[in-house]
Amino acid sequence: METETIIEVTEADTDSLGHLNHVRAVRYLELARDEWLSACGLYDSASGTRYASVVVNVNYNYKRECFLGEQLRVTSRPKSMGNKSYTMTHEIIKPNGEIAIDREATSVIMDMNQRTIIA
C-alpha cells in the first residue's frame, strides 16, 4: 500500500539559504510515515497504544532544493519485510515531478510496556 501526503513549504520551514531546512524535511517524512502507519491500521500515534513502530536505521538522499510556497508530495510505501523489522521508502516530490529527497528507513515494532521488539 502506498500513501501520499501533501505539504506546503512555509516560511518557518526554510533556512537562511532560502530553501527547506533539512530538519524540517525529516519532519515532513516522519509525518508521512505516521500517516502510512495509520492508513494501514497499524496504530495511531495519538492513541497511546501499547505498540509502536521505532526507526532503527535511516538513510536520506538530498537531490533538489525545495522552496517557500511549493506544494510537495510525500509518498510512503513498504520495501521489504523481515522477521523482526520492515523497511520503507519515502520520497519528497516537487511540483514539477522531480524527486527532491528520498529516504529508506528500517523499523521494528516494539511492545512499549515490555520495552521489547515484537518477533
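No hydrogens, no waters, no symmetry mates; every other heavy atom, side chains included, goes into these values.
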S.K.: Taking all non-hydrogen atoms of both residues, which atom of Ile99 and which atom of Arg64 are closest, and how far apart?
M.R.: O-CG, 3.6 Å

S.K.: Taking it one step at a time, do Leu72 and Cys66 satisfy side-chain contact (heavy atoms from CB on, under 4.5 Å)?
M.R.: CA-CA 8 Å; Leu72 304 175; Cys66 299; 3.9 Å; yes

S.K.: Supply the atom-to-atom distance Ser53 OG to Ile118 CD1, rounded to the nearest 0.5 angstrom.
M.R.: 11.5 Å

S.K.: Tell me, do Ser107 and Val55 make a side-chain contact under 4.5 Å, heavy atoms counted?
M.R.: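 Touching, per the 4.5 Å side-chain cut-off.
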
S.K.: Do side-chain atoms of Lys94 reach the backbone of Glu65 as a donor and acceptor pair under 3.5 angstrom?
M.R.: yes

S.K.: Closest approach of Arg77 and Thr75, non-hydrogen atoms and distance?
M.R.: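 What the structure gives for the nearest pair is NH1-OG1, 3.4 Å.
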
S.K.: Would a single hydrophobic cluster contain both Val56 and Met112, if residues Ile, Leu, Val, Met, Phe, Trp and Tyr are joined by side-chain heavy-atom contacts under 4.5 Å?
M.R.: yes

S.K.: Please report the interatomic distance OG1(Thr106) to OH(Tyr86), rounded to the nearest 0.5 Å.
M.R.: 9.5 Å

S.K.: Measuring from atom CD1 of Ile101 to atom CD1 of Ile92, what distance do you get when rounded to the nearest 0.5 angstrom?
M.R.: 4.0 Å

S.K.: Please determine, by modelled atom types, if Asn61 and Asn59 share a side-chain donor-acceptor pair under 3.5 angstrom.
M.R.: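 Short answer, no.
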
S.K.: Is it the case that over 12 heavy atoms from other parts of the model lie below 6.0 angstrom from the CD atom of Glu8?
M.R.: yes

S.K.: Looking at Arg24 and Ala12, what are the two nearest heavy atoms and their distance?
M.R.: CG-O, 4.4 Å

S.K.: Between Ser38 and Glu35 (side chain of the first, backbone of the second, donor and acceptor by atom type, cut-off under 3.5 Å), is there such a pair?
M.R.: no

S.K.: Is the closest side-chain donor-acceptor distance between Thr5 and Tyr28 under 3.5 Å?
M.R.: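 Their side chains do not contain a donor-acceptor pair, so the 3.5 Å distance test is not met.
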
S.K.: Please round to the nearest 0.5 Å and tell me the distance separating atom CE of Met110 and atom NZ of Lys84.
M.R.: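 Rounded to the nearest 0.5 Å, the CE-NZ separation comes to 11.5 Å.
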
S.K.: Could you state the interatomic distance from OH (Tyr62) to CG (Asp102), rounded to the nearest 0.5 Å?
M.R.: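 Tyr62 OH to Asp102 CG: 10.5 Å, rounded to 0.5 Å.
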
S.K.: Nearest 0.5 Å, what's the CG-CE distance between Asn83 and Met81?
M.R.: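 One finds 10.5 Å between CG of Asn83 and CE of Met81.
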
S.K.: Are Val74 and Leu29 close enough that some pair of their side-chain heavy atoms sits under 4.5 Å apart?
M.R.: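 In contact.
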
S.K.: Quick check: closest heavy atoms across Glu70 and Pro95, and the distance to 0.1 Å?
M.R.: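 For Glu70 and Pro95, the tightest heavy-atom pair comes out as OE2-CD, 3.9 Å.
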
S.K.: Glu30: what forms a salt bridge (charged side-chain N to carboxylate O under 4.0 Å, His left out) with it, not counting sequence neighbours?
M.R.: Arg33, Arg103

S.K.: Start with the C-alpha distance between Met88 and Ser76, add both sets of side-chain angles, then the distance that settles side-chain contact (heavy atoms from CB on, under 4.5 Å), and finish with yes or no.
M.R.: CA-CA 7 Å; Met88 293 190 63; Ser76 303; 4.0 Å; yes

S.K.: For side-chain contact (heavy atoms from CB on, under 4.5 Å), just list the numbers for Leu20 and Phe67, CA-CA rounded to whole Å, side-chain angles, deciding distance to a tenth of an Å, and then say yes or no.
M.R.: CA-CA 6 Å; Leu20 177 62; Phe67 297 100; over 6 Å; no

